[in-house]
Amino acid sequence: MSDPLRPPAVPLARDAVRRLPAYVPGARVGADGLAHKLSSNENPFEPLASVREAVAAAAARIHRYPDMFATELVETLAAAHGVDPSGVVAGCGSVAVLGHVLQAFCDAGDEVVCAWRSFEAYPILVRLQGAVPVEVPLDGAGRHDLPAMAAAVTERTRVLLVCSPNNPTGPAVGHEELVALLAAVPPHVLVVLDEAYREFVTDENAADGDRLLAAHPRLLLLRTFSKAYGLAGLRVGYAVAHPDVATPVRTASIPFGVNELAQVGALASLKARGELRERVASVVAERRRVATGLAAQGWQVPDAQGNFVWLATGARTVELAARAAAAGVLVRPFAGEGIRVSIGSPAANDALLALTAGWPLR
Ligand SMILES: Cc1ncc(COP(=O)(O)O)c(C=O)c1O
């Protein structure tokens, strides 16, 4: 502890930084490599051979800077989303892109409305910017309460964040309720729809950001290669928005933020979309099997639309997560609330179901 009466030995970091809670990453597998890692919502499949080969070949060029604007990747993504390339901004993971969005749109003291509990990086990124997170509780089914979020908007609100499907609880927001939200929020608010898990969604009524972009210039979509595309280790994500929204985000971005291997890996993955879709389908089938198995055990699991399920373990969360780890299943606990478990290989999912069968239901 530093002595409050003595001047600090080093310059003090900003208050906002010193008060930040640390981001808690999912537990990692130990040196024995034996545990099932279901703690970070990763894709259980190893990279496709075609992606691996493209990335390996690109290693020969890493003495050069990458293309600063990831031009080929951005153009390919723009074509896939049916927008002009000026509306796409790639970054070092969608979490970095969100950071740049907040840098571009929020001054100190501005407000950012989000649901809670939602992706834990949100309040951290908002506070880092000197802005204030306004957290609106999820409803009892782990869903966003969009009318309450719209009602939380003030003159200071600059961004309203919607996470669909919601990490960590699982449900997606409905398309029509999102349309209603977009109609309700005033023009000074940018609505960010974080669709990190979009590819896993099977609910036909779920919000589809692509269908809304043209009519809603104040909507920005966040997408990532970390989940369905299985490239979490390469760090590449992007925003899709009206060019007038995308341009300041690009201005705020870290120069050369998407490295050469990430650009090449993402492009190779887009070429292999058919194969990756099959993998997503098998994750979704496993999600259904896990959710059905949990329901049969008596768990009330919120509608799981991502590659994870939520167990409301309440006060026993930390103890149960430790028991899971001891049994070789790494999960993501949120103390006092619940446990998020990623969908893994069939063997990992079996190990989870064997564990939960013996856990006390809340
Ligand atoms: C809702 C949500 N958004 C964004 C991210 C970050 O993804 P990326 O790896 O692209 O930074 C995650 C990662 O867990 C997430 O759950």
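Note that ligands are numbered from 1 as they come in the structure, with each ligand's atoms numbered from 1 the same way.
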Can you pull out the closest protein heavy atom to atom 13 (C) of ligand 1? Residue, atom name and distance to 0.1 Å, please. Lys227 NZ, 3.2 Å

Mind telling me whether Phe225 and Tyr229 have parallel, tilted or perpendicular rings, with 30° and 60° as the class edges? tilted

Flag the pair Lys227 and Glu195 as a salt bridge only when some basic side-chain nitrogen lies within less than 4.0 angstrom of an acidic carboxylate oxygen. no

Identify, for atom 12 (C) of ligand 1, the protein heavy atom at the shortest distance, and state residue, atom and that distance. Phe119 CZ, 3.4 Å

Between Ser226 and ligand 1, which residue portion shows a heavy-atom distance shorter than 4.0 Å: side chain, backbone, both, or neither? side chain

Only heavy atoms count here, so choose which of Ser342, Ser94, Cys163 is nearest to atom 4 (C) of ligand 1. Ser94

Backbone or side chain, does any N or O of Thr224 fall under 3.5 Å from an N or O of ligand 1? yes

Counting only heavy atoms, tell me which of Asn307, Asp194, Leu234 gets closest to atom 1 (C) of ligand 1. Asp194

Any side-chain donor paired with an acceptor under 3.5 Å for Asp203 and Gln305? no

Ion pair present between Asp107 and Arg156, side-chain N to carboxylate O less than 4.0 angstrom? no

Could you tell me whether Glu319 and Arg323 have a side-chain N and a carboxylate O separated by less than 4.0 Å? yes

Pair Glu120 + Arg340, salt bridge at N-O below 4.0 Å: no

Closest approach of any protein heavy atom to atom 11 (O) of ligand 1, naming residue and atom: Arg235 NH2, 2.8 Å

Side chain, backbone, both or neither: the part of Tyr197 lying under 4.0 Å from ligand 1 by heavy atom: side chain

Contact with ligand 1 for Ala232, non-hydrogen, under 4.0 angstrom: no

Do Thr202 and Arg288 have side-chain N/O donor and acceptor atoms under 3.5 Å apart? no

Got an N/O contact under 3.5 Å between Cys92 and ligand 1? no

